[in-house]
Amino acid sequence: MTSAFPGGAPTVSAAGLTLRYGSTHALDDVSLRLADGVTGLLGPNGAGKTTLLRVLATALTADRGSFTVLGRDPGTTAGRQEVRRTLGYLPQTPGFHPDFSAFEFVDYVAILKELTDRAARHAEVRRVLDAVDLYEVRGRRIKKLSGGMRQRVALAAALVGDPGFLVLDEPTVGLDPEQRMRFRELIARAGEGRTVLLSTHQTEDVAMLCRRVIVMARGRVRFEGTPAELTARAAGRVWSSAERAPHAKA
């Protein structure tokens, strides 16, 4: 039987996620479902996108609500450890050790991910560096790498252990058009056979990569569907002009 959910049965499900900072609802009763393939997460600054990603990556704990990743519930210490073993997280500002080489940094992340067998771990580090086309510069210090290469090092670190759920927070920000195109190819490859949640301000990322899209504003999910459905909903409401329209809202 074919699943009614695009991309197959949901691998990540969240219900009622709520998180407040003082009087501000960073997340306000957020529910969603994700399946294999790339899902885009859109929204203005302050919409709650990064907060949602940090909760799903178990870096933050919601005040209310629950979620599962590949059937694992992070509501307990044991469940949280299981979820962390099956996810990869690329934050908006990766915390690099600039004097490490690319190989040393990814190897360090692999150790944190509990890959304890040295030979097997180094084989995995070589695999993910090759996957992001950095194997030839694996011995170069991170501070000597370009911005695009550093982002690929961060993606390699997120891919260690072949995670089933990959969380990417604005991975193409600051990249030039050529670097952005190359990174999109890597994300598309990463989305084959795993669930990827991609936060981005680049509508081109969504158009080129995503089979589904979620739009957030003021801590709530305002839309969830396909890019074509989002485009249809925006018809007649979005346009381009060389001059400001007098009735347009700021």
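All residue numbers refer to positions in the sequence shown, counting from 1.
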Looking only at heavy atoms, which two atoms of [X] and [Y] are closest? And how far apart?
| X | Y | value |
| --- | --- | --- |
| Glu124 | Asp162 | OE2-N, 3.8 Å |
| Val125 | Ala110 | CG2-CB, 4.2 Å |
| Gln151 | Glu170 | NE2-O, 4.2 Å |
| Leu17 | Gly65 | CD2-C, 3.9 Å |
| Leu70 | Gly164 | CD1-CA, 3.9 Å |
| Ala156 | Leu129 | CB-CD2, 4.1 Å |

Ion pair check, [X] and [Y], cut-off under 4.0 Å:
| X | Y | answer |
| --- | --- | --- |
| Lys143 | Asp99 | yes |
| Arg138 | Asp130 | no |
| Arg184 | Asp205 | yes |

With rounding to the nearest 0.5 Å, note down the distance linking [atom1] in [X] to [atom2] in [Y].
| X | Y | atom1 | atom2 | value |
| --- | --- | --- | --- | --- |
| Leu90 | Ser199 | CG | OG | 11.5 Å |
| Leu175 | Arg182 | CG | CZ | 11.5 Å |
| Arg194 | Leu166 | CZ | CG | 6.0 Å |
| Ile214 | Leu52 | CD1 | CG | 7.5 Å |

Check: [Y] main-chain N/O paired with [X] side-chain donor or acceptor under 3.5 Å:
| X | Y | answer |
| --- | --- | --- |
| Arg72 | Arg85 | no |
| Lys49 | Pro44 | yes |
| Arg220 | Leu27 | no |
| Arg211 | Val38 | no |

Are there over 12 heavy-atom neighbours, none belonging to Arg218, within less than 6.0 Å of that residue's CZ?
no
More than 12 heavy atoms of other residues, nucleotides or ligands under 6.0 Å from CZ of Arg64: yes or no?
no
Would Arg180 count as a cation-pi partner of Phe183, with NZ or CZ less than 6.0 Å from the six-membered ring centre and within 45° of the ring normal?
no
Quick one: sort the Phe100 and His97 rings into parallel, tilted or perpendicular, breaks at 30° and 60°.
parallel
Any luck finding a side-chain donor-acceptor pair between [X] and [Y] under 3.5 Å?
| X | Y | result |
| --- | --- | --- |
| Thr11 | Thr195 | yes |
| Arg80 | Thr58 | no |
| Thr18 | Asp29 | no |

